[in-house]
Amino acid sequence: MKELICIVCPRGCHLKVDEENGYAVTGNSCPRGEQYGRNEIKDPRRVLTSTVKINGAAYRRCPVRTSAAIKKGDLFNAMKELNGVTLTSPVKRGDVVISNILSSGADLIVTKDM
Amino acid sequence: MRYELIVIGGGPAGLAAAISTHKNGLKRIAVIERDREAGGILNQCIHNGFGLHRFKEELSGPEYAGRFIDMLRDTEIELLTDTMVLSITPGKKVVCVSPAKGYNVYEADSIILAMGCRERTRGAIGIPGDRPSGVFTAGTAQRYLNLEGYMCGQRAVILGSGDIGLIMARRLTLEGAKVLACVEVMPYSGGLSRNIAQCLNDFGIPLYLSHTVTDVRAQNGRLCGVTVCAVDEKRHPIKGTEMDFECDTLLLSVGLIPENELTREAGIEIDPRTNGARVYENMETSLPGVFACGNVCHVHDLVDYVSDESERAGKAAAEYVKHGEASGAALEIKAGSGVTYTVPQHIRPGNVEKSADVFFRVNRIMQKSAIVLCSGGAELARFRREHMAPGEMEHIMLPAALLKNAQGEITVSTEEAQA
């Protein structure tokens with residue numbers, strides 16, 4: 001039995017996940033919490049948010065994120081990928097910066113028009 | 001120049017309020033923003049988790065702001081950026097300056113105050129020790145890192161467990177810094193549980209509850225270490241519990257203060273508990289036709305709730321311009337046992353169609369408990385809760401029928417079930 005705090009929404013439900021009973025989740029208030037609890041034990045993932053360098057914009061950094069959650073263990077490797085990126089203004093919200101980052105199936109996308 | 005509405009502040013509150021007023025029929029609207037672009041603090045909140053309630057999606061701060069900025073662009077609302085409001089008068093004149101247009105006085109039929117809040121600083125909490133560089137508020141460090149591209153240091157301690165501090169703990173770690181500890185003087189965190197989980201626990205950063213920073217040491221003008229101590233129930237440091245951390249950075253995430261200089265100067269009544277204007281059910285302040293919403297009124301946890309509240313203020317401003325002042329006797333909403341403050345502070349039952357929203361915070365963590373509403377010694381209603389915490393704003397809806405039974409005031413208090 002593992003105890004977790006659900007991070008799906010600000011409510012922060014205290015979940016219990018029973019690995020020996022088919023990853024049964026209790027303590028959740030919604031179906032997304034159940035899914036989070038199960039995934040968190042079997043294959044924990046996070047959306048990565050960071051910035052990359054941009055030239056020609058009002059600020060020097062452009063905010064980016066992964067379009068879907070990637071493996072938690074890949075977060076620092078993904079950060080290394082970002083270090084090699086330089087964008088040039090203009091960019092649009094949703095523009096793909098790196099497609100299929102670290103073969104995760106998720107893209108790295110711009111989150112601000114700059 | 002005369003506008004039907006002037007909104008002061010182009011952050012999430014101001015944007016939502018202006019768009020809502022426009023939807024409700026006003027056309028001559030100006031949003032005045034002191035920064036060079038709209039979006040407010042969301043521009044530096046590059047993490048995700050915004051918009052879950054409103055858009056059923058997890059957006060980053062700039063994405064959430066971007067959606068509202070797009071909506072604003074589709075209207076004839078004027079956005080005056082790089083413009084600082086110097087004062088507003090009780091006669092609803094707005095005095096402002098900008099490099100492009102110089103000194104201007106605009107007249108308004110209605111005003112919405114949406115100036116947001118600012119961070120408490122080291123001076124506000126009085127930490128002993130040296131005064132070196134390397135001590136930042138969490139939001140300042142966030143701006144340096146996320147907008148300007150400057151890293152504030154390599155080994156950090158974070159004082160206070162507010163959400164910005166927690167978010168910065170993760171952010172600094174991802175950027176290669178070592179975050180040694182997050183230190184919180186209260187026995188509970190002021191941030192959301194999900195941020196403790198995904199910003200501290202994910203990276204093995206320890207959270208010291210009931211601890212504080214008791215010394216700050218410098219070498220050659222730069223921070224070189226801090227001392228952390230456990231505190232007793234009265235928040236006094238306990239001798240013998242000192243821990244030394246070698247660090248070049250101390251981030252402060254020790255609370256937010258609504259930014260109400262303009263409000264005070266205009267003679268609008270301030271609630272000392274929220275540090276924001278006292279408001280009615282429609283977010284109207286003590287000055288008719290002037291409304292307040294978002295963090296300038298009271299500090300919120302979620303931007304989604306800021307947008308909702310601001311839309312109510314926007315709708316009310318449109319009503320005011322079209323139909324004049326709301327009237328009728330007001331009930332006072334009082335904070336009772338276990339409750340820190342309520343917003344609104346007054347409700348005019350005659351101005352409530354279906355129900356009135358009341359927001360408040362509790363003063364300690366409570367398990368199974370009830371929110372109890374009383375008026376004139378009689379209980380009006382009670383709402384059950386499984387869990388309440390000061391870091392999580394509570395919300396109740398008071399039906400118009402219930403308000404009719406109230407006499408002069410309603411007291412909101414809490415009752416904890418006996419274990």
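No hydrogens, no waters, no symmetry mates; every other heavy atom, side chains included, goes into these values. By convention in this document, chain letters (A, B, ...) are assigned in the order of the sequence lines, proteins followed by strands, and residues within each chain are numbered from 1. A quick note: this is a predicted structure, and the numbers were derived from the prediction, not measured.
- Closest approach of B:L174 to A:L48, counting heavy atoms only: CD1-CD1, 3.8 Å.
- Interface residue B:E175: backbone and side-chain heavy atoms are both found under 4.5 Å from chain A.
- With a threshold of 4.5 angstrom between heavy atoms, B:D304 does not approach chain A through any atom at all.
- Looking at B:N43, only its side chain comes within 4.5 Å of chain A, counting heavy atoms on both sides.
- In terms of heavy-atom proximity, B:F203 sits nearest to A:L75 at CZ-CD1, 4.3 Å.
- Looking at A:R93 and B:D70, their side chains come closer than 4.5 Å, going by heavy atoms from C-beta outward.
- In this structure, A:T111 and B:N48 have side chains that are not in contact, with every pair of non-hydrogen atoms separated by 4.5 Å or more.
- A 4.5 Å side-chain heavy-atom check between B:L52 and A:R32 finds at least one atom pair inside the cut-off.
- Within 6.0 Å of CE on B:M397 lie no more than 12 heavy atoms contributed by other residues, nucleotides or ligands.
- Around CZ of B:R34, the count of heavy atoms belonging to other residues, nucleotides or ligands within 6.0 Å does not exceed 12.
- For B:I196, no part sits under 4.5 Å from any heavy atom of chain A, backbone or side chain.
- Inspection of the A:R61 and B:Y144 side chains reveals no N or O donor paired with an N or O acceptor under 3.5 Å.
- Taking CD from B:Q198 and CD1 from A:I7, the interatomic distance works out to 4.5 Å, rounded to the nearest 0.5 Å.
- Interatomic distance, CG of B:N146 versus OG1 of A:T51, reported as 6.0 Å (0.5 Å rounding).
- Dense packing is recorded around OH of B:Y188, with more than 12 heavy atoms of other residues, nucleotides or ligands lying under 6.0 Å away.
- Among B:E58, B:E392, B:R171, the residue with the largest count of heavy-atom pairs under 4.5 Å with chain A is B:R171.
- A:Q35 CD: 12 or fewer foreign heavy atoms inside a 6.0 Å radius.
- Across B:G39, B:G49, B:S60, the residue that shares the most heavy-atom pairs under 4.5 angstrom with chain A is B:S60.
- Heavy-atom pairs under 4.5 Å with chain B were tallied for A:C13, A:C6, A:C62, A:A58; the largest tally goes to A:A58.
- Proximity to chain B (any heavy atom under 4.5 Å) is restricted, for A:K72, to the side chain, taken from C-beta onward.
- In terms of heavy-atom proximity, A:V8 sits nearest to B:R194 at O-NH2, 3.4 Å.
- Residues A:R65 and B:E63 are in side-chain contact: their nearest non-hydrogen atoms beyond the backbone lie under 4.5 Å apart.
- For B:R143 and A:Y59, the positive end is not near the middle of the six-membered ring at less than 6.0 Å and at most 45° from its axis.
- Proximity to chain A involves both the backbone and the side chain of B:L147, based on heavy atoms less than 4.5 angstrom apart.
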